[in-house]
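This report refers to the structure that appears directly beneath it.
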Protein chains: 2
Amino acid sequence: MTDGFTYRWPRPALTVDVALFGLQAGQLSVLLIRRRLPPFEGWWALPGGFVRLDEGLEWAARRELEEEAGVRPAWIEQIGAFGAPGRDPRERVVSVAWWALLRADEHAPVAASDASEVRWHPVASLPALAFDHATMVTAALHRLRQRAWESAIGAELLGEQFTLGELQTVQESLLGHPLDKRNFRRRMNESGLLVEAGEARSEGPGRPARLFRLGDRMRGAPLGSTRENE
Amino acid sequence: MTDGFTYRWPRPALTVDVALFGLQAGQLSVLLIRRRLPPFEGWWALPGGFVRLDEGLEWAARRELEEEAGVRPAWIEQIGAFGAPGRDPRERVVSVAWWALLRADEHAPVAASDASEVRWHPVASLPALAFDHATMVTAALHRLRQRAWESAIGAELLGEQFTLGELQTVQESLLGHPLDKRNFRRRMNESGLLVEAGEARSEGPGRPARLFRLGDRMRGAPLGSTRENE
DNA sequence: GCCATTAGTGTAATCACAACACGAAATGAA
DNA sequence: TTCATTTCGTGTTGTGATTACACTAATGGC
């Protein structure tokens, strides 16, 4: 952004790191990989890696998820850049952190490339993490809960169609606390985010539940009732 | 974040760009510099520049403000990373964007280094901007207004001590719409962010106003009443 | 001392959110 | 077929927060 020479200076390395969330047995969990190489050899870390010259940041994040764990998130959003000098002991590395959601029906992640192991860890009991990844997870969780509170983002964890009961259960898992059934359903109805889609009954007994899907272009949109600042 | 060789790959350049806001004659304005060199020669742009190997991101942002305009912001916060390939026609450049506030009593900015001119532009009427800086300004404004709504950030634009009337005026300028006097004062009182600090009368006639200052470590903290998600 | 100017204060109406219990529709077993 | 079980689906009331709104208090200038 200065003259034609400036951009030949030595430059920091640029990486992306992704906090990928999913539900494992109803537990909100983060996908971690165990590092096979130094630094932090043997430690758990977020999947991530270097940004290539020709790819966008979000693309880089998606590619790393695919390469390192073989998964494609249903939702991904940037958290911000983490660039404290010394956060990587090797050299100066600035990392753009992301958070993402993986649908439950996606196939399980598999270890690949730089990882000796890939595993879901419940957010309630995380191990020590490499680099500043603990900070990133904290920030990611914060954003996730904010989104879950204000926008039914949990729908991204379900299939194309889902019942209100399913959606509520997912949202509760994301938020980490129970929701009132009637209030939840009212909010969803009034939000205008959902549209009906037939009828069905999933598990054995009980009255069949109506099916819904996300309305067009409603990904992550705020509920109608949420306070905004003009 | 992979093996010892990976970080020798060619890497994107890394810059910071800052949307610095201030009040000019009561108008919320952004500081822009006119570029003296290609690309976008002669266009208005946000101050910014390359990140050095040994400095943190926030430091880089502050340094560029000082170098290019000779100012030190009272508040600065990250917006996020902008890294679409092609956003800089020269080569791949990823930029970490920031927004900042400059106190009214700071001395006026001066043109330096890469800029042929430095000027405040009211946000209501911005010129076309270089690169993707228009997007950054939009995002910055959004965050600024959010903060102003939920946290009396306007106090950063005033001196150490200020009256509630002054604070309200500033907040109104930031938000872009008027606030109710009594409701504003109640919120401030209940927030617990402010503490008294003597007594004074500023301009000519009228009842003297009480002076306040920000309570310890209350920078940008949310008002007590603001809804949060647990 | 009177007028102009700015600071400071309380209450009523409205709205959003939280709490809460039962009837409806299906399944499966007796 | 009847009954027990299970899950789905629905409305109202109370409470706390936000909004709207008008006058008195204290000073400076004439």
Side-chain angles (χ1 to χ4, degrees), chain A residues 26 145-146 148-152 155 158 161-172 175-213 222-230, chain B residues 26 145-146 148-152 154-155 158 161-172 175 177-213 222-230:
Chain A
R145 298 235 152 107
Q146 200 167 308
W149 179 254
E150 75 192 12
S151 80
L158 300 167
Q161 300 188 144
F162 48 86
T163 69
L164 286 180
E166 290 166 349
L167 181 56
Q168 181 177 347
T169 303
V170 170
Q171 291 278 110
E172 286 173 338
L175 289 169
H177 63 80
L179 297 171
D180 179 86
K181 186 166 154 184
R182 280 174 290 190
N183 293 339
F184 176 78
R185 294 166 101 93
R186 179 182 25 248
R187 273 175 69 112
M188 287 302 116
N189 282 331
E190 290 174 354
S191 74
L193 297 184
L194 307 181
V195 295
E196 278 201 56
E199 174 134 5
R201 161 187 69 258
S202 39
E203 309 163 42
R207 174 174 172 175
R210 281 185 287 184
L211 287 173
F212 293 83
R213 55 182 178 76
L223 304 182
S225 56
T226 310
R227 174 171 314 285
E228 271 303 343
N229 35 307
E230 197 82 350
Chain B
R145 298 235 153 107
Q146 201 167 305
W149 179 255
E150 74 192 13
S151 81
L158 300 168
Q161 300 188 143
F162 48 85
T163 70
L164 286 179
E166 290 166 349
L167 182 56
Q168 181 178 347
T169 304
V170 170
Q171 291 279 111
E172 287 173 337
L175 290 169
H177 62 79
L179 298 170
D180 180 87
K181 185 167 153 184
R182 280 174 288 192
N183 294 338
F184 175 77
R185 295 166 98 95
R186 181 185 21 250
R187 272 174 72 112
M188 288 302 117
N189 282 329
E190 290 174 354
S191 74
L193 297 183
L194 306 181
V195 294
E196 276 200 59
E199 174 136 3
R201 162 186 70 254
S202 38
E203 309 162 44
R207 172 173 173 176
R210 281 185 286 184
L211 288 173
F212 294 83
R213 54 181 179 75
L223 303 182
S225 57
T226 310
R227 175 168 315 284
E228 272 302 342
N229 35 308
E230 197 84 348

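Below, chains carry the letters A, B, ... as their sequence lines are ordered, and counting in each starts from 1.
- B/W149 contributes atom CH2, which lies 9.5 Å from atom CG of B/L223 (distance to the nearest 0.5 angstrom).
- As a whole-Å value, the separation of B/R187 CZ from C/dG8 P is 19 Å.
- Residue B/R210 places its side chain closer to C/dT9 than to any other of D/dG11, D/dC21, C/dT9.
- Here the CD-CZ distance, from B/E196 to B/R210, works out to 4.5 Å after rounding to the nearest 0.5 Å.
- Within the model, atoms CG of B/L167 and CE of B/M188 stand 6.0 Å from one another, a figure rounded to the nearest 0.5 Å.
- In this structure, B/F212 places its CZ atom 12 Å from P of C/dA7, rounding to the nearest Å.
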How does protein contact run along nucleotides 24-30 of chain C, one letter per nucleotide 5' to 3', with B for base contact, S for sugar-phosphate only, - for none, heavy atoms under 4.0 Å?
BBBS---
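- Here C/dC20 presents its C1' atom at 15 Å from CG of A/L179, a figure rounded to the nearest Å.
- Note: CD (A/Q168) to P (D/dT10) measures 14 Å, nearest angstrom.
- Between the side chain of A/R182 and the base of C/dC20, at least one donor-acceptor pair of N or O atoms lies under 3.5 Å.
- The base of C/dA7 is not paired with the side chain of B/R185 by any donor and acceptor separated by under 3.5 Å.
- Taken from CG in B/L194 to CZ in B/F162, the straight-line distance is 5.0 Å, to the nearest 0.5 Å.
- Taking the nucleotide of DNA chain D with the nearest heavy atom to each of B/K181 and A/T163, the more 5' of the two is matched to A/T163.
- Going from atom CZ of A/R187 over to atom CD of A/Q168 covers 11.5 Å, rounded to the nearest 0.5 Å.
- Between A/N183 atom CG and C/dA21 atom P there is a gap of 13 Å when expressed in whole angstrom units.
- Counting to the nearest Å, the P atom of D/dC8 and the CE atom of A/M188 are 16 Å from each other.
- The base of C/dC17 has none of its N or O atoms less than 3.5 Å from a complementary donor or acceptor on the side chain of A/D180.
- Under the side chain to side chain donor-acceptor pair (under 3.5 Å) criterion, A/Q171 pairs with no residue, sequence neighbours left out.
- Distance A/E166 CD to D/dG9 P: 11 Å, rounded to the nearest Å.
- To the nearest angstrom, C1' of D/dG9 lies 14 Å from CG of A/L211.
- Distance from the side chain of A/R186 is smallest for D/dG11 among the nucleotides D/dG11, D/dT10, C/dT9.
- Residues satisfying the side chain to side chain donor-acceptor pair (under 3.5 Å) test with B/R186, not counting sequence neighbours, are B/N183.
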